[in-house]
There are 2 protein chains.
Amino acid sequence: MNPKKLIMLPGPTNVPERVLNAMLTPVMGHRTPDFAVLMKNIVEKSKQVYQTSSDVIVFTASGTGAVEAAITNIIRKGDKAIVTVFGEFGERAALLIEGAGGVAIKVEAPFGDVPRMGQLEEAFEKNKDVKALVIVTNETSTGTMFKWLKEAGDLAVKYGSFLILDSVSNLTADDIPVDKIGADIVATGSQKSLAAPPGLALVSISKKAKKYIIDNPPPLLYFNIARQLKYAEIGQTPFTPAIPIYHALDEALNMALEEGLMHRIQRHKLCADAFYSSFKAMGLKLFANEEVRSNTIIAVNYPEGINDKLFRGLLDKEYGVVIAGGFGPYKGKLFRVGSLGEVHRYHVVTTVSAVNNTFRSLMGKTRSEDPVEIARTRLKNL
Amino acid sequence: MNPKKLIMLPGPTNVPERVLNAMLTPVMGHRTPDFAVLMKNIVEKSKQVYQTSSDVIVFTASGTGAVEAAITNIIRKGDKAIVTVFGEFGERAALLIEGAGGVAIKVEAPFGDVPRMGQLEEAFEKNKDVKALVIVTNETSTGTMFKWLKEAGDLAVKYGSFLILDSVSNLTADDIPVDKIGADIVATGSQKSLAAPPGLALVSISKKAKKYIIDNPPPLLYFNIARQLKYAEIGQTPFTPAIPIYHALDEALNMALEEGLMHRIQRHKLCADAFYSSFKAMGLKLFANEEVRSNTIIAVNYPEGINDKLFRGLLDKEYGVVIAGGFGPYKGKLFRVGSLGEVHRYHVVTTVSAVNNTFRSLMGKTRSEDPVEIARTRLKNL
């Protein structure tokens, strides 16, 4: 039916066999001691990849669900929040702030770039009663990364604001030491850098955020963090969890910790670097400003005359390599390769080779400098 | 690690091998034609088990998420809703109505019983501007069922109100012909009578509800039905779906349709009847009023002197049979057997036998009338 393909998407990603097979663990009740053990394991391991000593909770939802939980548990009617907007996911965060009755103060950058610290400082200067600073740490829609997280944390402290991070697509791929940064709520998803199947959304909660949420319980049911924390004390979730994905996430966390978080981050950086170098060598124009380009989402402009649908269709049909197109206004104008989760030398070389061959056959020409060789050289130690 | 157990819980339920194995289908992107085919299949089959020609959408969430979606897409600030409360899930629905800024008019019954049509009629008479009637069709916490769905639908039409059904635990186990009833939004979950793993929540939407929601889009992101409907047109979901559970749900729907919906409903009724008869023969007192007892959740009072934790612990340890305890105020006072999804002669006889033997060994006595034989007789044609 479906041959096994190389899933080089911004998520879901390739899922290792070990992780997939964990889903077949026999069904258990979610109000049993067995489930409490599973949940305790997941929470303990999640804290390690979050680099935090505070709580981590898990929702059965997409990553957007985790971001919704983060924002709607903090923002109430009339609250101001500063939010970085440099792509689709920043727009969604702004929408969530407004949906919760808050006022979204957007700090923007042209797509392909990210806002700088000076802009954030200026927004705080103009609005001294800001309740939360919301930052998308990795913008999947444009392949860019906001890097100045420690500085952002200091800024939030200076102005007495909560710091909320949408790290759905780069926690465990980039170094996001939650406690050192001083981030209050950090959202991520199971199907991105963690390389588990989609279905679960994780959220870390600082002691300060926890106290605020428990003292001021939000008018929510499904995404109510106070309720989640209460059930977490006895190793349960308030509502029925997606148990097979819990088993998969547990195994994915095992793999991340076996590899070592810093090795994992280094591997993501190396693979992204190899992709960027190879695509440049093909004569392609990279979409993101080099200084802020993502280590997980490689966004590339199509050369003149290449049809997105035809190109990605061929890549899938001939090579079994699945990549993403552009998002929103960039539909048809760029392609995006997800280089995250289970991505090694094999994935990069195979993808670069397939992309290169497909461009050659579509454009009817060859290039003297071989991009595949460049990728292989860049990854000789991986 | 985990031996395979008989999961006789109110959900999650036992999941057939075919359904579990479907989760190993190779990972696919959720913005691909492959996923659109999968989603189209699920929607078409779901419409058959919902007995509706209107839309069905799927959220990555628990059943409570589906109920939250149903209520928060209809109820706005100041709206009145009549809600049946005869257990925990009715209380939750009331909480959701209030959380959405609405006014919950509770129509109650003592736990173990359900409200009658006369009470609903009276509530409508007292409140003529009611926007929605919300009914829990099967109350998992008490093992009772609200049966007068066609009458409730007529009542909602008479007073110009939407009808929302929380059928999380009995769609496909009881006959809930959505179009005939005239129900506007009906919520269910993957891990109940459908016998798929937990993680997905389904919602049917009548043409009238669809028009209302699209004309009056709710201030929501994750549970926004208007947004879901828009993406459904191209076979997608707005946010990353729990893909492995989609494959499982698709296979679970195949099994339901192969069996035939009416056969499946009859099987649930037969199995519940066998449980009730056997437990009565053990001299146990059933919790639910016989007239409104559930066909999926069998709630039974403990005899004097039996310790809940000890009893269910022994049942699990000695026989590998997992059942649930009482909910909220009934903790320790009753046990609940989930008789839904994959439940056949084997499951009933094994469970009754294990329960009977465990009671015998705990109470140090035998009974002359053998409850296991009674269950076997009741199921002789299954």
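Please read all numbers here as calculations on a predicted model, not as lab measurements. Chain naming here is simple, since letters A, B, ... match the order of the sequence lines and numbering starts at 1 in each.
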Trainee: Which value, rounded to the nearest 0.5 Å, describes the distance between Gln191(A) atom CD and His30(B) atom NE2?
Mentor: 7.5 Å
Trainee: With a 4.5 angstrom heavy-atom cut-off, which part of Thr13(A) approaches chain B: side chain, backbone, both or neither?
Mentor: backbone
Trainee: Is it the backbone or the side chain of Pro241(A) that comes under 4.5 Å from a heavy atom of chain B, or both, or neither?
Mentor: backbone
Trainee: Taking side chain as everything from C-beta outward and backbone as N, CA, C, O, which of these in Leu9(A) sits under 4.5 Å from a heavy atom of chain B? Side chain, backbone, both or neither.
Mentor: side chain
Trainee: With a 4.5 angstrom heavy-atom cut-off, could you sort out which part of Leu96(B) is near chain A: side chain, backbone, both or neither?
Mentor: side chain
Trainee: Quick one: pull up CZ in Phe223(B) and CG in Leu221(A) and give me the separation to the nearest 0.5 Å.
Mentor: 9.0 Å
Trainee: Without swapping roles, check the side chain of Tyr222(B) against the backbone of Ala69(A) for a donor-acceptor pair under 3.5 Å.
Mentor: no
Trainee: For chain B, which candidate among Pro244(A), Gly29(A), Gly99(A) shows the most heavy-atom pairs at distances under 4.5 Å?
Mentor: Pro244(A)
Trainee: Contact part of Pro238(A) toward chain B, heavy-atom cut-off under 4.5 Å: side chain, backbone, both or neither?
Mentor: backbone
Trainee: So which of Ser62(B), Gly199(B), Ala242(B) has the biggest tally of heavy-atom pairs under 4.5 Å with chain A?
Mentor: Ser62(B)
Trainee: Should Phe239(A) and Arg92(B) be marked as a side-chain contact (heavy atoms from CB on, under 4.5 Å) after you check the CA-CA gap, both sets of side-chain angles, and the distance that decides it?
Mentor: CA-CA 11 Å; Phe239(A) 313 117; Arg92(B) 274 195 202 168; 3.4 Å; yes
Trainee: Would you give the length of the straight line joining atom CG of Leu220(A) to atom CD of Glu68(B), rounded to the nearest 0.5 angstrom?
Mentor: 7.0 Å
Trainee: side-chain contact (heavy atoms from CB on, under 4.5 Å) with Pro198(B): which of Val27(A), Ile245(A), Thr240(A)?
Mentor: Thr240(A)
Trainee: Are the side chains of Asp34(A) and Lys5(B) in touch, meaning some heavy atoms are under 4.5 Å apart?
Mentor: yes
